Amino acid sequence: MSKKILLVSRHAPYGSSTAREAIDVALAAAIYDQDIGILFMDDGVFQLLKDHQGKYINQKNIDSMLSALALYGIEKIYVHQESLDNRTITTNELILDDLQLLNSIDVGHLLSQQDQLLSF
Amino acid sequence: MDHASIMIFSLAIYSAPYSSQASYTAYQFAVALLSQGHSLHRVFFYQDGVHNATNLAAPPQDEFDLQKAWQQLAKDYQLDLVVCIAAALRRGILNEGEAKRYDKASHNCAEEFTISGLGQLVEAAAVSDKLISFGY
Amino acid sequence: MSTLHTINKSPYAHNALSSCLKVCAMNDGILLLEDGVFGALISAPGAQELQILIKHGANVFALVNDIKARGLEEKVAPDIKLIDYNTFVQLTLDHRCVQSWY
C-alpha cells in the first residue's frame, strides 16, 4: 500500500539532529517505495546551501546527504520561496537544481493534498 | 461507535519525557483515541523520543511516571511501542541483543518497547489512516 | 481537503505560529497546545491574524488543560475554542492531515 507522503523539514542543519534525522526518514520512505516528497521551509532552507564543511564540527555533511535524494528516486523537492527571500538566499546558492519553488498559498495547497504529513 | 467509523492511528514522538511536554501530550492523545474505540497501530519513538524507552529513569514518587503509563497502556491495548534503532543506539538506549553486539556492559530498553528500524515509521504511515507527529 | 495545524511553541519566542499563519487556508483548523497556547492571548504576536482567520471561517482551538495549567483561562482571545484531548482526536478526523509546527 502506498500513500502520498510529504515530509516537512523546517529546522536548520547541525545545531540539532532534526534536519539529519528527517532526511533519514525520507530515504527510508523511498527505500520502502513510498510516494514521498520533501518541503523545505523556515530555517530548513539553510540545509540546501552549498559547500558545507561539517568536518569543522566533526559532523557529516548534510548537503551530500541531500544530494543522495535523487539517487533514491525522490524527485518531489519543494522549497518555500519566502523562507529563501527572508534569508537573502538565491536559488543559485542551493545544492539542488530540480527544486520547485512555492509561495505560501501553494505550500498550503501542497499540505492539503497529502495522505500523510511527516513534520520535522 | 459503529464499526465503520473506527480509524487506524499511528503516533510519531520526537521528544524526551520530562524535558518536553510533547510525549505527555502524545500519551493523552493515545488514551483519548483508544477510549473512543479507535485503533492505535503503532507508537514510533524517534529522535529524543527514544528516551521514553529507558528503564533506568527513576522519577520522584509524587510525579506522573510517563514511561509506566505507556507500559500500562501497551499492556491494556496490546500496543506496538517501537523505538528507532539508529536514534536509540546514538543516545544509549539498548536492548540485550544490541548491548551484546556493541560489547556494552548493560542494556536498558524497557519492557513493552521494541527496538526496530525506520521502516516501522514508514510502514505506519502507509497503513494508518492518521499519522500524528509530536515534535519536541 | 483541509489541514489541521498544531502549534506547540510560544509565538513570543518562536516562528511556529507565524509560519503556520502564512500557509493556513481559510478552511483549515489551528490547534494551540503546550506552550503554543500562549498564542491564544489577546496580546500575542499573531493574535490579529488569528482573529482575521476566524472571521473568514477558520477554526482556532486551544487545549484547555494546557490553558488552565498556565493560568490563562481569563486571558484567551474571543472565538478561540477551548477543547479537551477527546476533541483533539476528533479534529484529526475532521481534517485530512495534521501538520505539527514546533
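Here the structure is a predicted model, which is why all the values come from computation and not from measurement. A, B, ... follow the sequence lines: proteins, then strands. Residue 1 opens every chain.
Taken to the nearest 0.5 Å, the OG1 atom of C:Thr6 stands 8.5 Å off from the CD1 atom of B:Ile132. If you take CG on B:Leu33 and OG1 on C:Thr92, they are separated by 8.0 Å, rounding to the nearest 0.5 Å. Remark: B:Tyr14 OH to C:Tyr102 OH distance equals 6.0 Å, nearest 0.5 Å. Atom NE2 of B:His38 and atom CD of C:Gln90 lie 6.5 Å apart (nearest 0.5 Å).
B:Lys130 and C:Arg96 get closest at one heavy-atom pair: NZ-O, 3.0 Å. Listed here is the closest heavy atom pair of B:Ser133 and C:Ser100: O-OG, 2.6 Å.
For B:Tyr136, the parts lying near chain C are the backbone and the side chain together; criterion is any non-hydrogen pair under 4.5 Å. Neither the backbone nor the side chain of B:Ser15 has a heavy atom closer than 4.5 Å to any heavy atom of chain C.
At most 12 non-hydrogen atoms from other residues, nucleotides or ligands lie less than 6.0 angstrom from CG of B:Asp103. B:Glu111 CD: 12 or fewer foreign heavy atoms inside a 6.0 Å radius.
Interface summary for chain B: among C:Asp66, C:Leu93, C:Asn8, the most heavy-atom pairs under 4.5 angstrom belong to C:Leu93.
B:Gln36 places a side-chain N or O within donor-acceptor distance of the main-chain N or O of C:Asn86, the cut-off being under 3.5 Å.
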Q) Which is it for C:Val89 and B:Phe29 under the side-chain contact (heavy atoms from CB on, under 4.5 Å) test, yes or no, and what are the steps along the way? A) CA-CA 7 Å; C:Val89 172; B:Phe29 187 89; 3.7 Å; yes

